[in-house]
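Let me begin by presenting the structure, written as structure tokens, before commenting on it.
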Amino acid sequence: MKRRFVAGVSLAVMAVVALSAVKAHAQRHKVGVVHNLEATLDKGVAHPATYTLTGPALITCVRAFSDVPNPNPAPMCKISANGFTGTMAPNSNATLKAGDITLNCTGPGSLVRCDARVDISPSTQ
């Protein structure tokens, strides 16, 4: 009797977990796709990151830093894309249109690194 009860409870728990996983996956799909870009400036040589968008997206400069403590000017993300061209401080964003994106870094130091996140809306996937 106890074995049947334990088996029944285990089956019910597995069903709840499976339904939760299906619902969580469906919610993530609605958010869209995220693409990460990382660029560096190493001893004056740029190593840009590129990506091609097929529709509108939001780009966010996630972080920019250098090997210089308290650099002035502060490192920034340099974006060249359809809809925005310029520099962005960390935690700032811009809306882009379909086309090519190029991420570079600006700032003092022998090593500067910047990271950007591209949030692609679900309607353009």
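Atom set for the values below is all heavy atoms of this structure, side chains included, hydrogens, waters and symmetry mates excluded. Note that the structure is predicted; figures quoted are calculated from it, not measured.
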| Between the main-chain N or O of Lys78 and the side-chain N or O of Asn104, is there a donor-acceptor pair closer than 3.5 Å? | no
| Distance from Arg63 atom CZ to Arg117 atom CZ, nearest 0.5 Å? | 12.5 Å
| field | From Thr95 atom OG1 to Lys97 atom NZ, the distance as rounded to the nearest 0.5 Å | value | 10.0 Å
| field | Interatomic spacing from CG in Leu111 to OG1 in Thr40 - rounded to 0.5 Å | value | 6.5 Å
| field | Minimum heavy-atom distance between Pro73 and Pro108, given as atom pair plus value | value | O-CD, 3.0 Å
| Can you tell me how far CD1 of Ile120 sits from OG1 of Thr54, rounded to the nearest 0.5 angstrom? | 6.5 Å
| What about Leu37 and Val33, same hydrophobic cluster or not, with Ile/Leu/Val/Met/Phe/Trp/Tyr joined at side-chain heavy-atom distances under 4.5 Å? | yes
| field | Separation of SG atoms, Cys114 and Cys105, below 2.5 Å | value | yes
| field | Co-membership, hydrophobic cluster, residues Val62 and Phe65, 4.5 Å side-chain | value | no
| query | Is there a donor-acceptor pair under 3.5 Å between the side chain of Ser80 and the backbone N or O of Thr102? | reply | no
| note | In terms of heavy-atom contacts, Ala39 and Pro48 come closest through CB-CA, 4.1 Å
| Distance from Phe84 atom CZ to Leu96 atom CG, nearest 0.5 Å? | 8.5 Å
| task | Quick one: pull up CG in Asp119 and NE2 in His35 and give me the separation to the nearest 0.5 Å. | result | 12.0 Å
| said: Whether Arg113 and Asp115 form a salt bridge (side-chain N of Lys/Arg under 4.0 Å from carboxylate O of Asp/Glu) is what I want to check. | reply: yes
| Any link between Leu103 and Leu58 through a network of hydrophobic side chains (Ile, Leu, Val, Met, Phe, Trp, Tyr) touching at under 4.5 Å? | no
| For Pro75 and Ser66, which heavy atoms make the closest approach, and how far apart are they? | CG-N, 3.8 Å
| Hydrophobic cluster membership, Ile79 vs Leu53, 4.5 Å side-chain cutoff | yes
| request: Check whether Met88 and Ile101 end up in the same hydrophobic cluster, where Ile, Leu, Val, Met, Phe, Trp and Tyr are linked by side-chain heavy atoms less than 4.5 Å apart. | output: yes
| remark: When every non-hydrogen atom of Cys61 is compared with those of Ala89, the smallest separation belongs to CB-O, 3.5 Å
